[in-house]
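Source: prediction; values computed, not measured. Start at 1 with the first residue, then count along the sequence.
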Amino acid sequence: MDLLDTLTAKGLRGETPTREEALAVLATTDDELLDVVAAAGRVRRRWFGRRVKLNYLVNLKSGLCPEDCSYCSQRLGSKAEILKYTWLKPNQAAEAAKAGVSGGAKRVCLVASGRGPTDRDIDRVTDTVAAIKEADPAVEICACLGLLSDNQAERLKAAGVDAYNHNLNTSEGTYGDITTTHTYADRVDTVQKAHGAGLSACSGLIAGMGESDEDLVDVVFALRELGSDSVPVNFLIPFEGTPLAKEWNLSPQRCLRILAMVRFVNPDTEVRIAGGREVHLRSMQPLGLHLANSIFLGDYLTSEGQAGQTDLDMIADAGFEVEGVGERTLPRHRADIAAAAAGGCGSGAAGGAGGGCGTAGVPGEDADAAVGGCGTGGGCGPCGGHGHAVPVAAAADAAADTNAGTSADEVRTDLVRVRRRGAGTELAPNA
């Protein structure tokens, strides 16, 4: 179709489509879905080959957040039966990170609930980063600690943090509908603070909160304009105990169209499938790998993902390969932009001077140059992300109350599990 030919040509050149073209991707039919995936897949391979970057979350501090983000199981007033604990000690966090790195993750994402870090919290994270880097100097570190105050990003950079995650989540026009304790502008300010301090900017979205196609396109274009090196795409898990408990709006096909749209708008940027992957893409997860070049390995913040070995098997069975420590993530031209903005981050090998977040490259399937670069970005994209298992009857009621999306028999509540293992527990992590 003419639309896909146009989008593919633009993507192979690294150009951004128009808003109208992005909206048209979301409006394609299920009959056109495989054509959409194939077209966006060419763009993905042009810039990232068949590599999949693995990221691993370590929840440093869980629950009891004073913010009222409607999607989050850790929010103020949440009834979700999640783990709640205060800061992990550096050695505990380092042990948790080791599990992820052993499973193939090259980036560890350190996340803490709350509005934002105090200066003492920055000290805690500094000590944690030192412990992780002592065990593995080459590991990339992304921090996700909430809203940043002046000079905190600089302190994180000096401590060896490579990237900072803070998601925009939804469009500016609808942000006030999901959160009242801070603003969209606050989130933009934090991403800019991180980028300005030399940290790779990781910022993404949450789909499935009842937003319109226009809202999705608005936030994805805003992320492109903000210069995010990595865009995590989260799919809402509407679990009991939060205001969005009945928002079952997603199908696997809808998720794939969203991922394709994000890829077309961000052809040469890392796109990560984050929270909700297992629940909403389900058996169609391998098709998502043709669109995104990055996933989280194993469990999320407050929920269990599919087994880490299952992730690795899925990648291999779909004909992809895990991105190694000796490979860069971003294309070279994007790495140069990131290096200029970040004071050198991403221009060297992992663990090298300047805290290089990436390493030497492998050309993509259609690439004419080695891919390289920094920022992939971990993140608190799945902030709460998954939650308390929704009873089948409740899921059916929720689906019946919505005007679009999955039907009751498509809601796989058996895949939604509160995390009871890994960091903050006595059980081994899933990695």
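- Looking only at distances, no side-chain donor or acceptor of Asp127 sits under 3.5 Å from a matching main-chain atom of Pro90.
- Under 3.5 Å, the side chains of Ser200 and Asp229 contain a donor-acceptor pair of N or O atoms.
- Inter-residue side-chain proximity for Cys255 and Met284 is flagged as unmet; no heavy-atom pair is nearer than 4.5 Å.
- Looking at every heavy atom in both residues, Trp47 comes nearest to Gly14 through CZ2-N, 3.6 Å.
- Put simply, the side chain of Asp162 gets close to the backbone of Ile141: a donor and an acceptor are under 3.5 Å apart.
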Applying salt bridge (charged side-chain N to carboxylate O under 4.0 Å, His left out), run through Asp150 and Lys193 and close with a yes or a no. CA-CA 8 Å; Asp150 290 343; Lys193 278 187 170 73; 3.7 Å; yes
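- Note on ring orientation: taking the six-membered ring where Trp is involved, the planes of Tyr175 and Tyr184 are perpendicular (angle over 60°, cut-offs 30° and 60°).
- Using a distance-only test at 3.5 Å, with no hydrogens or angles considered, a donor-acceptor pair links the side chain of Asp121 to the main chain of Thr118.
- Between atom OG of residue Ser113 and atom CG of residue Leu60 there is a gap of 9.5 Å, rounded to the nearest 0.5 Å.
- When all heavy atoms of Ala194 and Leu148 are compared, the pair lying nearest together is CB-CD1, 4.4 Å.
- Side chains of Trp248 and Leu236 form no contact here, defined as non-hydrogen atoms less than 4.5 Å apart.
- Side-chain atoms of Lys106 come within 3.5 Å of backbone atoms of Gly324 as a donor-acceptor pair (strictly under, hydrogens ignored).
- For the residue pair Thr86 and Lys61, no side-chain donor N or O sits within less than 3.5 Å of a side-chain acceptor on the partner.
- With Arg19 contributing its side chain and Ala22 its backbone, the two residues share no donor-acceptor pair below 3.5 Å.
- Residues Leu256 and Val36 form no side-chain contact, since every pair of their non-hydrogen atoms from C-beta on lies 4.5 Å or further apart.
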Applying side chain to side chain donor-acceptor pair (under 3.5 Å), run through Arg50 and Asn293 and close with a yes or a no. CA-CA 8 Å; Arg50 302 190 72 83; Asn293 60 295; over 6 Å; no
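- If you check the side chains of Asn249 and Arg254, you find no donor sitting under 3.5 Å from an acceptor.
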How far apart are the C-alpha atoms of Arg277 and Asp311, what are their side-chain angles, what is the distance that settles it, and do they pass the salt bridge (charged side-chain N to carboxylate O under 4.0 Å, His left out) test? CA-CA 11 Å; Arg277 165 168 61 94; Asp311 286 334; 3.1 Å; yes
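- No side-chain donor from either of Thr310 and Asp313 sits under 3.5 Å from a side-chain acceptor of the other.
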Start with the C-alpha gap between Thr174 and Asp177, add the side-chain angles, then the distance that decides, and say whether side chain to side chain donor-acceptor pair (under 3.5 Å) holds. CA-CA 5 Å; Thr174 59; Asp177 295 334; 5.4 Å; no
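- Between the side chains of Asn165 and Asn167, at least one donor-acceptor pair of N or O atoms lies under 3.5 Å.
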Please evaluate residues Arg224 and Thr269 with respect to the criterion side chain to side chain donor-acceptor pair (under 3.5 Å), reporting the C-alpha separation (whole Å), side-chain torsions for both, the decisive distance (0.1 Å), and the verdict. CA-CA 9 Å; Arg224 180 71 175 178; Thr269 298; 3.3 Å; yes
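- Residues Asp186 and Thr183 bring a donor and an acceptor atom of their side chains to less than 3.5 Å of each other.
- For the residue pair Ser70 and Pro243, the shortest heavy atom distance occurs at O-CD, 3.4 Å.
- Tyr71 and Asn169 form a side-chain donor-acceptor contact under 3.5 Å, judged by distance and modelled atom types alone.
- The two residues Ala153 and Leu199 make their nearest non-hydrogen contact at O-CD1, 3.8 Å.
- Summarising the local packing, NZ of Lys98 is surrounded by 12 or fewer heavy atoms from other residues, nucleotides or ligands at distances under 6.0 Å.
- Put simply, CD on Gln152 and CG on Leu147 are 10.0 Å apart, with the number rounded to the nearest 0.5 Å.
- Of the residues Glu323, Arg51, Glu270, Lys53, the one that meets the side-chain hydrogen bond (donor to acceptor under 3.5 Å, both in side chains) test with Ser294 is Glu270.
- Side-chain atoms of Arg282 come within 3.5 Å of backbone atoms of Val279 as a donor-acceptor pair (strictly under, hydrogens ignored).
- Between Lys246 atom NZ and Leu244 atom CG the span is 12.5 Å, to the nearest 0.5 Å.
- Closest approach of Leu297 to Ala105, counting heavy atoms only: CD2-N, 4.3 Å.
- For the residue pair Thr181 / Asp68, a side-chain donor-acceptor distance below 3.5 Å is found, with atom types taken as modelled.
- Between the NE2 atom of His182 and the CZ atom of Arg115 there is a distance of 7.5 Å, given to the nearest 0.5 Å.
- The closest donor-acceptor contact from the side chain of Glu21 to the backbone of Thr18 lies under 3.5 Å.
- Residue Pro17 comes nearest to Phe221 through the heavy atom pair O-CZ, 3.4 Å, listed as atom of the first residue, atom of the second, then distance.
- With respect to Val25, the side-chain contact (heavy atoms from CB on, under 4.5 Å) criterion is satisfied by exactly one of Val262, Leu7, Leu259, Ile258: Leu7.
- Asp123 and Thr126 form no side-chain donor-acceptor contact under 3.5 Å, judged by distance and modelled atom types alone.
- Side chains of Glu211 and Ser171: a donor-acceptor N/O pair is absent below 3.5 angstrom, by distance only.
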Checking Arg44 against His290 for the side chain to side chain donor-acceptor pair (under 3.5 Å) test, could you report, in this order, the C-alpha distance in whole Å, the side-chain angles of both residues, the deciding distance, and whether it holds? CA-CA 7 Å; Arg44 179 249 201 267; His290 290 271; over 6 Å; no
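- Of the possible donor and acceptor atoms, one in the side chain of Arg263 sits under 3.5 Å from a partner among the backbone N and O of Pro267.
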